[in-house]
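Working notes, beginning with the structure itself.
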Amino acid sequence: MKYWLVKTEPSEFSWEDLKAAPGQTTPWEGVRNYQARNYMRKMQVGDLVFFYHSQTNPLAIIGIAIVVRGAYPDPTQFDPSSPYFDPQSTPENPRWETVDIQYQREFSAPISLPQLKEIPGLENMVLLRKGSRLSVQPVTEREWRIVSALRE
DNA sequence: GCCAACGTTGGC
DNA sequence: GCCAACGTTGGC
């Protein structure tokens, strides 16, 4: 099993949206970055995912989701009415993929970015690296244990 | 709203 | 294949 972190602007798709989704499950659509896509390709059913809110207050990890379906072509790339439409992508040769994630648990309180920066052992976490913009990131097992131990 | 960091595009 | 220009992300 592997561990991951996904970033989202809550004005686009929030933790509350995930909880309210049918089956508390959503396709993680709209990722249009090759590195992030490549990580999604490595995601397997049962992998755990930190859910992080960006561009908001507080900047924080809110809870944990679980991968319930591994990578498959992101349907929004074929939909001309979608903001994620990619005219260069075809069903025969799709460029972008998505995974399905499901709500797993919510932390008793969000773990904020400033707080994470204080915690020994997280110095190399991708989220905390300067200029890191990756919206889908790997988390090491050790980082996962340190962060999840901060909350019930 | 600013701006640093990063990714992508396209001329050459 | 280089790299300047441009667009986007995201913390502050």
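Note that the structure is a prediction, hence the values are computed from the model and not measured. Just so it is clear: chains get the letters A, B, ... in the order the sequence lines come, proteins before strands, and each one is counted from 1.
In this structure, the nucleotide among dA5(B), dT8(B), dG11(C) sitting nearest to the side chain of Tyr34(A) is dT8(B). Side-chain atoms of Arg133(A) lie closest to dA5(B) of the nucleotides dA5(B), dG10(C), dC12(C). Of the candidates dC12(C), dT8(C), dA4(B), the closest approach to any side-chain atom of Leu113(A) belongs to dC12(C).
A cation-pi geometry, defined here as NZ or CZ lying under 6.0 Å from the six-membered ring centre and within 45° of its normal, does not hold between Arg105(A) and Tyr103(A).
Separating the CD atom of Gln88(A) from the P atom of dG10(B) is a distance of 9 Å, rounded to the nearest angstrom. Per the geometry, CZ belonging to Arg32(A) stands 20 Å off P belonging to dG7(C), to the nearest Å. Between the CD atom of Glu9(A) and the C1' atom of dT9(C) there is a distance of 8 Å, rounded to whole Å. Atom CG of Leu59(A) and atom C1' of dT9(C) are 13 Å apart (whole Å). Atom CZ in Arg129(A) sits roughly 17 Å away from atom C1' in dG7(B) (whole-Å rounding). Nucleotide dT9(B) holds its C1' atom 14 Å from the CG atom of Asp86(A), rounded to whole Å. One interatomic measurement links the two molecules: CE of Met125(A) to C1' of dG11(C), which rounds to 16 Å at whole-angstrom precision. As a whole-Å value, the separation of Leu127(A) CG from dG10(C) C1' is 11 Å.
The aromatic rings of Phe50(A) and Phe107(A) are tilted relative to each other, their planes meeting at an angle between 30° and 60°.
Nucleic acid contact class of Gln35(A) (heavy atoms, under 4.0 Å, all strands): sugar-phosphate only.
Nearest-nucleotide positions on DNA chain B place Gln55(A) closer to the 5' end than the other of Asn33(A) and Gln55(A).
In this structure, Tyr84(A) has its ring center no closer than 6.0 Å to that of Trp96(A).
Using a 4.0 Å cut-off, no side-chain N or O of Lys130(A) falls inside it from OP1 or OP2 of dC3(B). For the OP1/OP2 pair of dT9(C) and a distance below 4.0 Å, the side-chain nitrogens and oxygens of Tyr52(A) include no atom meeting the criterion.
Between Thr8(A) and Phe13(A), the closest heavy-atom pair is OG1-O, 2.5 Å.
In this structure, a donor-acceptor pair under 3.5 Å is absent between the side chains of Gln137(A) and Trp4(A).
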